[in-house]
Number of protein chains: 2
Amino acid sequence: MDDIDRQLIALLQQDATQSYAALGKAVGLSAGAAHERVRKLRGQGVIRATTVDVDPAALDRGVLAFVLVDSTAWMGDRAEDFAAVPEIQEAHVIAGSAAVLVKVRTSTTERLQDVLRRLYAIDGVSGTQATVVLETFFERPLDAGQALPLGSARLGGVTPARRR
Amino acid sequence: MDDIDRQLIALLQQDATQSYAALGKAVGLSAGAAHERVRKLRGQGVIRATTVDVDPAALDRGVLAFVLVDSTAWMGDRAEDFAAVPEIQEAHVIAGSAAVLVKVRTSTTERLQDVLRRLYAIDGVSGTQATVVLETFFERPLDAGQALPLGSARLGGVTPARRR
DNA sequence: TGTGAAACTCTTGGTGC
DNA sequence: GCACCAAGAGTTTCACA
């Protein structure tokens with residue numbers, strides 16, 4: 001994982017449909033070399049998948065809410081119970097009282113209520129606190145470090161001269 | 001947006017590196033027709049981008065936290081202030097008291113503390129409540145509806161035939 | 001590990017149904 | 001709106017440095 005790898009990741013996060021030729025040019029490598037690096041990043045599990053980002057509203061999932069799930073029992077091995085609810089996009093075990101935080105997307109607030117009912121049905125769940133999102137400022141890929149684009153010749157010369 | 005479109009979206013969410021030929025076969029269409037549908041979905045903004053999903057730990061962002069940001073002023077037009085902090089992956093305006101919920105990924109809890117300091121520096125911010133995630137059950141693409149195609153022969157199929 | 005070129009796929013437009 | 005087909009582009013491999 002060197003700096004070029006991080007640049008490749010940042011470029012792919014922005015647009016994974018680019019050609020390896022374009023990718024290579026952006027980081028100063030040939031298409032073949034860029035391809036080989038990306039292939040390794042996939043193999044190592046650094047790049048877990050290539051996916052598409054879909055507009056929730058277009059799939060009739062315009063309502064976003066975060067729900068804090070309180071429980072009386074240990075929830076650490078209950079992943080499947082949450083995964084069984086398709087409207088739940090994320091589920092995290094959090095510090096504090098035995099609790100889980102879930103991110104939910106539904107078509108309407110009525111359907112949100114329905115999700116809450118299904119959460120209560122999970123064994124050990126003692127309560128929920130739903131927080132509805134009014135506006136999403138942004139949701140973005142995680143920062144891969146400074147991906148200095150184009151002709152960003154790093155002054156200061158960290159790059160070692162290639163001697164042979 | 002018919003059922004075939006939803007199937008295409010679900011397939012692309014799973015693996016956007018598939019060929020249009022494979023995509024078409026999965027939904028019972030020719031490669032050209034599948035391509036045309038995906039092209040339109042992109043044009044309509046239903047598919048917003050094609051990206052890669054990166055392992056946060058590999059980018060040294062192993063600590064995940066949700067932070068509730070309380071404020072004394074209206075925050076609805078402060079998106080840039082939050083976007084300026086690279087560790088913030090998501091920022092949402094939520095119902096209730098004037099507040100924002102942000103999702104933060106840092107390398108260590110010390111860096112998380114540093115992010116909190118920068119949040120306090122934003123004009124109008126009066127407090128923060130951070131919740132650290134102990135374990136993530138799952139994070140997945142939003143459900144595009146039942147994606148099981150026609151004769152959903154999930155036989156040999158996930159790995160693209162690599163013949164040569 | 002990277003380059004350059006060759007072999008092979010896929011994408012992507014055009015035509016007809 | 002879809003199937004079929006052809007040309008061009010991109011991917012992927014391999015010998016060599």
Side-chain angles (χ1 to χ4, degrees), chain A residues 1-53 58 144-145 147-154 157-164, chain B residues 1-53 58 144-145 149-151 156-164:
Chain A
M1 262 293 269
D2 62 5
D3 213 58
I4 292 183
D5 284 332
R6 273 182 284 273
Q7 285 181 35
L8 288 172
I9 289 172
L11 290 165
L12 286 173
Q13 282 175 329
Q14 288 169 30
D15 177 13
T17 67
Q18 295 173 79
S19 71
Y20 288 112
L23 233 43
K25 172 175 275 189
V27 301
L29 263 85
S30 69
H35 177 258
E36 176 66 8
R37 276 175 176 264
V38 173
R39 197 189 61 75
K40 281 183 183 166
L41 288 171
R42 287 190 212 271
Q44 292 167 3
V46 175
I47 294 177
R48 294 193 284 206
T50 302
T51 51
V52 289
D53 174 39
L148 313 184
L150 306 167
S152 57
R154 292 212 168 186
V158 178
T159 321
R162 305 205 337 168
R163 73 197 100 220
R164 185 135 317 180
Chain B
M1 261 296 267
D2 61 6
D3 212 57
I4 293 183
D5 283 333
R6 273 182 285 272
Q7 285 180 34
L8 288 171
I9 289 172
L11 289 166
L12 286 172
Q13 281 175 330
Q14 287 168 30
D15 178 13
T17 67
Q18 296 173 81
S19 70
Y20 288 111
L23 233 43
K25 171 175 274 187
V27 301
L29 282 164
S30 71
H35 177 260
E36 177 66 8
R37 276 173 177 267
V38 173
R39 197 189 61 74
K40 280 181 183 166
L41 287 171
R42 287 190 212 272
Q44 292 166 5
V46 175
I47 295 176
R48 294 193 285 207
T50 302
T51 50
V52 289
D53 174 39
L150 313 160
V158 181
T159 321
R162 185 133 313 199
R163 77 202 96 209
R164 193 120 313 169

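Proteins come first, then strands; the chains are lettered A, B, ... in the order of their sequence lines, and each starts at number 1.
- When the C1' atoms of four end pairs are superposed on the next four at each end of the helix from C:dT1-D:dA17 to C:dC17-D:dG1, using five pairs per end, the two resulting axes differ in direction by 30°, to 10°.
- A:Ser30 pairs by the side-chain contact (heavy atoms from CB on, under 4.5 Å) definition with A:Ala33, not counting sequence neighbours.
- Here CD of A:Gln7 is found 9.0 Å from CG of A:Asp2. Values are rounded to the nearest 0.5 Å.
- Between the CG atom of A:Asp2 and the C1' atom of C:dT1 there is a distance of 11 Å, rounded to whole Å.
- Look at CD on A:Glu36: it is 9 Å from P on D:dT13, rounded to the nearest Å.
- Within the model, atoms OG1 of A:Thr50 and CD of B:Gln13 stand 13.5 Å from one another, a figure rounded to the nearest 0.5 Å.
- As a whole-Å value, the separation of B:Arg42 CZ from C:dT11 C1' is 12 Å.
- From A:Leu41, atom CG reaches atom CD of A:Glu36 across 10.0 Å, with rounding to the nearest 0.5 Å.
- Rounded to an integer number of Å, the gap from B:Lys40 NZ to D:dG1 C1' is 7 Å.
- When rounded to the nearest whole Å, the span between CD of A:Gln18 and P of D:dA9 equals 18 Å.
- To the nearest 0.5 angstrom, A:Leu8 atom CG is 10.0 Å from A:Asp3 atom CG.
- Residues B:Leu29 and B:Arg37 meet the side-chain proximity criterion, which asks for heavy atoms closer than 4.5 Å.
- Side-chain N/O atoms of A:His35 include one lying less than 4.0 angstrom from OP1 or OP2 on D:dT12.
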Set out, line by line, the N/O atom pairs under 3.5 Å between protein and nucleotides 3-5 of chain D.
from  : atom 1 : to      : atom 2 : distance (Å)
D:dA3 : OP2    : B:Ser30 : N      : 2.7
D:dA3 : OP2    : B:Ser30 : OG     : 2.8

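- Checking D:dG10, C:dT1, D:dG1 against every side-chain atom of A:Ser19, the shortest atom distance belongs to D:dG10.
- Within the 4.5 Å cutoff, side-chain heavy atoms of A:Leu12 are placed close to those of A:Leu23.
- Note: B:Ile47 CD1 to A:Thr51 OG1 = 11.0 Å, rounded to the nearest 0.5 Å.
- The separation between B:Leu23 atom CG and C:dC10 atom C1' is 13 Å, rounded to whole Å.
- The separation between A:Arg39 atom CZ and C:dT1 atom P is 11 Å, rounded to whole Å.
- The side chain of B:Tyr20 approaches C:dT11 more closely than any other nucleotide in the set D:dT11, C:dT11, C:dT1.
- Annotation: side chain of A:Lys40 is not in contact with side chain of A:Asp5 (no heavy-atom distance under 4.5 Å).
- In this entry the distance linking CG of A:Asp5 with C1' of C:dG2 reads 14 Å, nearest Å.
- Using a 4.0 Å cut-off, some side-chain N or O of B:Arg37 falls inside it from OP1 or OP2 of D:dC2.
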